[in-house]
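All figures in this text were calculated on a predicted structure; none of them were measured in a lab. Numbers for residues simply follow the sequence, beginning at 1.
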Amino acid sequence: MGNCWTCFKTSTENSAGDCATNAPERTANDNRDASERGETDELLTSNSPVHMTSLHLSSGFLTRPVALLNGNANTMGDIIGTIKDSQQVSDHTLLTLYQRYKDPQEDAILSEGIERLCSDLRYKPDDFAILVLAWRLDASQMCRFTRQEFVQGLRNLNADSVDSVRLRLEQAVEKLKEDSELFKQLYRFTFGFGLEPGHRTLSLDMAIILWRLVFTVHTPKLLDRWLYFLAQHAQIRGVPKDTWNMFLNFAETCDITSYNDEEAWPSLFDDFVEYENDRANQNVPEKPDEDDTRPPTLRTDGSL
């Protein structure tokens, strides 16, 4: 077919033989007034998104423009935007960005580098978006991003600059608000992220901090009462993984007034329901003061 735009446009109306027979007519038609073929010429210029798509499809840099050209794009702007989103990030650019925040003594981004990164992203270190960033980087430890985690994580995000990282985080936060299944993945990640190296349970203070942080979205109605109960029971030794994971289901489905303690809930939930029933019988206000449930401040080095 080559660059025969007339044949391309009329392929459903003429056979290949007709196209060859009418070649002289097409030559004559090529001399028609420029205003009649302005749109065609624009699409065939070297700067055209369509032209660039055909050049780069074989190299693997673009992955979705064919679908757009088949009618899934409303405007040329949609095509251009998708082409930009489809471009692969450069490993060299990712490593340069990593070096900007890397610790001078260790091959990782530590607390000071994370503080600088948060500042450049215009977030506080304890903002929900930074937890989302750690999740998208699949960080294995709080206040530490390894080279592999940072570079591979940003490659997966298709982001290689501070601005593009912030944009991807904003998109991820909005998606988490809408997608409860995706939120469950973040929720489960948060437990392991908050563990101290070598530990299998979260300290009570850390669990309270992370519960309040991760529930920035999909906040359960009983969260304040749950955190108040934990704050009043400092003797609780820690929060194991099963308790952390099951709390999400407990918060979504449990009605305290009809709670069945014979079901396979962790004993900590039994204690919480009993505590709430006692408060109700004593006519204690259902919702505690916010100051009573406010967790200690989490520093950027992971300490409280």
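Residue E170 comes nearest to Y123 through the heavy atom pair CG-OH, 3.7 Å, listed as atom of the first residue, atom of the second, then distance. The minimum heavy-atom distance between P125 and C118, with the atom names listed, is CA-SG, 3.8 Å. When all heavy atoms are compared, the tightest approach of F128 to L213 is CD1-O, 3.4 Å. Of all heavy-atom pairs spanning G238 and P240, the tightest one is O-CD, 3.6 Å. When every heavy atom of R116 is checked against every heavy atom of R100, the shortest pair comes out as NH2-O, 3.1 Å. Considering every non-hydrogen atom in both L268 and L230, the closest pair reads CD2-CD2, 4.2 Å.
Interatomic distance, CD of E174 versus CG of L169, reported as 12.0 Å (0.5 Å rounding). The distance from the CG atom of L131 to the OG1 atom of T216 is 8.0 Å, given to the nearest 0.5 Å. Here the CZ atom belonging to F229 is positioned 11.0 Å from the CZ atom belonging to R279, to the nearest 0.5 angstrom. The SG atom of C254 sits 7.5 Å away from the CG atom of L222 when rounded to the nearest 0.5 Å. Atom CZ of R168 and atom OG of S161 lie 9.5 Å apart (nearest 0.5 Å). K175 NZ to Q171 CD: the interatomic distance, rounded to the nearest 0.5 Å, is 11.0 Å.
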(message) Between K124 and E115, is the side-chain contact (heavy atoms from CB on, under 4.5 Å) condition met? List the steps.
(response) CA-CA 8 Å; K124 296 178 181 178; E115 284 187 10; over 6 Å; no

(request) Show your reasoning for whether side-chain contact (heavy atoms from CB on, under 4.5 Å) applies to D127 and V132. (result) CA-CA 9 Å; D127 280 346; V132 174; over 6 Å; no

(request) Test I208 against L204 for side-chain contact (heavy atoms from CB on, under 4.5 Å), laying out the working first. (result) CA-CA 6 Å; I208 291 174; L204 182 60; 4.2 Å; yes

(request) Walk me through it: do D224 and R212 pass the test salt bridge (charged side-chain N to carboxylate O under 4.0 Å, His left out)? (result) CA-CA 9 Å; D224 284 339; R212 186 169 293 283; 3.5 Å; yes

(request) Take K241 and R200, measure what side-chain contact (heavy atoms from CB on, under 4.5 Å) needs, and give me the verdict at the end. (result) CA-CA 8 Å; K241 184 176 182 179; R200 301 181 64 182; over 6 Å; no

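One finds a salt bridge joining R155 and D91 here, because a Lys/Arg side-chain nitrogen approaches an Asp/Glu carboxylate oxygen to under 4.0 Å.
Ring orientation note: the planes of Y275 and Y228 are tilted relative to one another, at an angle of 30° to 60°. Using cut-offs of 30° and 60° on the angle between ring planes, the pair F269 and F250 is parallel.
A donor-acceptor pair under 3.5 Å is absent between the side-chain atoms of Y187 and the main chain of F215, judged by distance alone. With hydrogens and angles ignored, the 3.5 Å screen pairs a side-chain donor or acceptor of H218 with a backbone N or O of L176.
Looking only at side-chain heavy atoms (C-beta outward), Q99 and R147 come within less than 4.5 Å of each other. The shortest side-chain heavy-atom distance between F191 and V214 does not fall under the 4.5 Å cut-off. At a threshold of 4.5 Å between non-hydrogen side-chain atoms, the residues P266 and M246 count as touching. R188 has its side chain within reach of N245: a pair of non-hydrogen atoms, C-beta onward, lies under 4.5 Å apart. No side-chain heavy atom of I130 sits under 4.5 Å from any side-chain heavy atom of D126. Looking only at side-chain heavy atoms (C-beta outward), I256 and N277 come within less than 4.5 Å of each other. With a 4.5 Å cut-off on side-chain heavy atoms, W265 and F247 do not count as touching. Within the 4.5 Å cutoff, side-chain heavy atoms of M206 are placed close to those of M142.
In this structure, the ring of F272 has its center less than 6.0 angstrom from the ring center of W226.
Between the side chains of D255 and T257, at least one donor N or O lies within less than 3.5 Å of an accepting N or O. If you check the side chains of Y101 and D120, you find a donor sitting under 3.5 Å from an acceptor. For the 3.5 Å distance criterion, the side chains of E149 and S140 qualify, holding a donor opposite an acceptor. Side-chain atoms of Y259 and D270 form a donor-acceptor pair, as typed in the model, at a separation below 3.5 Å.
With sequence neighbours excluded, the residues satisfying side-chain contact (heavy atoms from CB on, under 4.5 Å) with A207 are L202, W211, V239.
For the side chain to side chain donor-acceptor pair (under 3.5 Å) test with Y98, the passing option among T146, T93, D107 is D107; the others fail.
L121 and L110 are members of different hydrophobic clusters when ILVMFWY side chains are connected at heavy-atom separations under 4.5 Å. Cluster annotation: V173 is not connected to L167 through the hydrophobic network of ILVMFWY side chains, with a link wherever side-chain heavy atoms come within less than 4.5 Å.
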